[in-house]
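Nothing here was measured: the structure is a model prediction, and the numbers come from that model. Lettering follows sequence order; numbering is per chain, from 1.
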2 protein chains.
Amino acid sequence: MSVGVKIILNEGLFLREPQDSKLGRRIIKYSIHLIDAYGFEWFTFKKLAAEIGSTEASVYRYFENKHFLLLYLVNWYWEWVRYLIDIQLINVVDPKLKLKIVIKSLVTASKDNPGVPYVDESILHKIVISEGWKAYHTKSVDEDNTKGFFKAYKELASTVSKILLEVNPGFRYPFALASHLFEMSNDQIFFSRHLPRLTELSEVNNVEEALEEMLNYFMDRLLK
Amino acid sequence: MSVGVKIILNEGLFLREPQDSKLGRRIIKYSIHLIDAYGFEWFTFKKLAAEIGSTEASVYRYFENKHFLLLYLVNWYWEWVRYLIDIQLINVVDPKLKLKIVIKSLVTASKDNPGVPYVDESILHKIVISEGWKAYHTKSVDEDNTKGFFKAYKELASTVSKILLEVNPGFRYPFALASHLFEMSNDQIFFSRHLPRLTELSEVNNVEEALEEMLNYFMDRLLK
DNA sequence: CAAAAATAATAGCAATACTATCATAAATTA
DNA sequence: TAATTTATGATAGTATTGCTATTATTTTTG
C-alpha cells in the first residue's frame with residue numbers, strides 16, 4: 001500500500017538529499033540505529049562512518065552537523081505521522097471518529113513499516129521520544145523555526161486542533177491541546193519505560209493499547 | 001519569610017556541596033546565568049571558570065561534569081517548587097482549593113525570590129524549561145533514577161496525584177495527569193516563547209496569568 | 001601559629017567537531 | 001566509447017572539549 005513512499009523534507013535540513021543515494025540511505029538507516037543504541041551525545045559522524053564503512057568527510061557532505069541530522073530524522077518522523085493520519089482520515093466525516101483515528105495513528109506510527117526500507121519507524125519513534133526535544137530545545141530554535149524546520153509538527157498540530165474544535169466548538173485551547181496530545185503520547189511512553197512511578201502505563205501488558213485508551217479518556221473528558 | 005532557606009539535595013549529585021562555600025555559590029549563580037544566556041551545549045566548565053575568575057580544575061572539584069551540574073540545578077528547582085507548594089498548602093483542606101494552589105505555585109515558582117541570593121529562580125525556571133529534558137533524557141536515565149536523582153520530581157508528582165484523587169476519587173490516571181500538569185506548564189511557556197503557533201498563550205499579555213487560567217480550565221474539565 | 005583544606009596556575013592528553021586536499025571510482029553526457 | 005562531471009574515499013590537519021595530574025599558594029580551622 002505504502003510501497004515507494006518518499007517523505008519530502010525541507011531542503012534546508014540537508015546539503016545533499018540522503019534519500020536519493022545509496023550512501024545517503026545508509027547514513028539514515030545506521031544513524032537511527034546508532035543514536036538509539038548509544039544516545040545522541042555518544043553519536044558522532046566518525047563513528048557512523050566507521051559503522052557504514054565510509055568516511056567522516058563523506059557524511060559531512062550530506063549534513064552540516066549532527067544537529068541537522070537529528071532535525072532531519074525528527075522531521076521525517078512527524079511527516080510520516082502526518083502521512084499516516086492523512087490517509088486514514090480519507091472519507092471520515094464524524095469528528096469524534098476522526099479524533100479516535102488521530103490517536104490511533106499517533107500510537108501506531110511507532111510500528112515499523114516495510115514501505116521505507118532504510119527507516120525502521122519503531123526505532124525512529126524511540127529516538128523521537130528520547131532525543132526529540134534536543135532537536136528544538138536549542139539556542140537556534142527561533143532561527144530553525146524561521147527556516148521552517150518545524151513545519152511538519154506545526155501543520156499536524158493545526159490539523160488536529162481543527163478536529164478538536166469540530167468535536168467541541170466551544171473548547172478554548174485547541175492548539176495547546178493538540179500540541180499536548182503529541183507531547184503526552186511520547187512522554188508517557190518514556191515515563192513508562194524509565195520513570196515508571198510517574199504514570200499508570202507501567203503496570204500494563206500492552207503499553208500501546210493502554211496509551212491509546214488513556215489518550216481517548218483524556219480527550220473525552222476535556223472535550224465533553 | 002523564606003530568608004535563609006537551604007535546599008537539601010541528593011549527595012550523589014555533587015562532589016562538594018556548592019551551597020556551602022563562596023566559590024560553590026558563585027558556580028551555581030553564574031552557571032545559571034551562562035546556561036540561560038548561551039545554552040547548555042555552549043556551556044563548559046572552562047568558560048564558567050573564566051567568568052567567575054577561577055579555574056576549570058576548581059569547578060571539577062564540585063561537580064563530576066556538566067551533566068551533574070545540570071541535574072543539580074534541575075533538582076534544586078523541583079525541590080524549590082515542592083517547598084513552595086508545601087508551605088502554601090498548610091492548613092488548606094478543600095481538595096479543589098489545594099489543586100488551585102498547586103497550579104498557582106507551579107506558575108509563581110518562576111518568580112525570583114530574594115531568600116536565596118545565589119539562585120535567580122526566574123532564570124533557573126527558564127533553564128528548566130529549555131534544558132530540563134536534557135537532565136533526564138540521557139542514556140544514563142535508569143542509572144540516575146536508581147541513585148535517586150529524580151526524587152524531587154517524583155515525590156511532587158506523588159503529592160499532586162493524591163490531591164487529584166481527592167478532587168475526583170474515580171479519576172483513572174492521577175499519576176499521568178500529575179506529571180503532565182508539570183510538563184504542560186513548562187512546555188506551554190516554551191511554545192509561547194518560541195513556537196507560538198502551537199498554543200493560545202501567545203496572544204496574551206500576561207503569560208503567567210493566562211497559563212494559570214489554562215491549567216485550571218484543563219483540570220476542571222478532566223476531573224469533573 | 002601550625003596543620004589541614006581549598007583554590008589557583010599550569011600542563012598535558014585523547015576525543016570531538018570540523019575543514020581541506022587530492023586521488024579514485026561511478027555515473028552522465030557528448 | 002571516450003570525455004567529463006560528480007560522488008566517494010583516503011589522509012591530514014586544527015581548534016576546542018572534556019577531562020586528569022602536579023605543584024604552588026591561599027584560606028580556614030584547631
**Message:** One character per nucleotide, please: for nucleotides 3-15 of chain C, 5' to 3', B when the base has a protein heavy atom closer than 4.0 Å, S when only the sugar-phosphate does, - otherwise.
**Reply:** ---SBB-------
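A distance-only check finds a donor-acceptor pair linking the side chain of A:Thr159 to the backbone of A:Glu155 [under 3.5 Å]. Of the possible polar contacts, none joining the B:Lys46 side chain to the B:Thr55 backbone as a donor-acceptor pair under 3.5 Å is found. Of the possible donor and acceptor atoms, none in the side chain of B:Ser110 sits under 3.5 Å from a partner among the backbone N and O of B:His125.
As rounded to whole Å, 12 Å separates atom P of D:dC19 from atom CZ of B:Phe43. Across the protein-nucleic acid pair, A:Ile27 atom CD1 and D:dA7 atom P stand 13 Å apart, rounded to whole Å. What separates CZ of A:Phe14 from P of D:dA7 is a distance of 13 Å, to the nearest Å. Remark: C1' of D:dT16 and CZ of B:Phe45 are 16 Å apart, rounded to the nearest angstrom. The nearest whole Å value for the distance from the NE2 atom in A:His67 to the P atom in C:dC18 is 11 Å. Taking atom CG of A:Asn65 as the reference point, atom P of D:dT17 lies 15 Å away to the nearest angstrom. Between A:Leu48 atom CG and D:dG9 atom P there is a gap of 12 Å when expressed in whole angstrom units. Between the OH atom of A:Tyr60 and the C1' atom of D:dT11 there is a distance of 16 Å, rounded to whole Å.
A 4.5 Å side-chain heavy-atom check between A:His67 and B:Glu41 finds every atom pair outside the cut-off. Proximity of B:Phe218 to A:Tyr173: side-chain heavy atoms (C-beta onward) are separated by under 4.5 Å at one or more points.
For A:Lys47 and A:Glu51, the salt-bridge test fails: no basic side-chain N is under 4.0 Å from an acidic carboxylate O.
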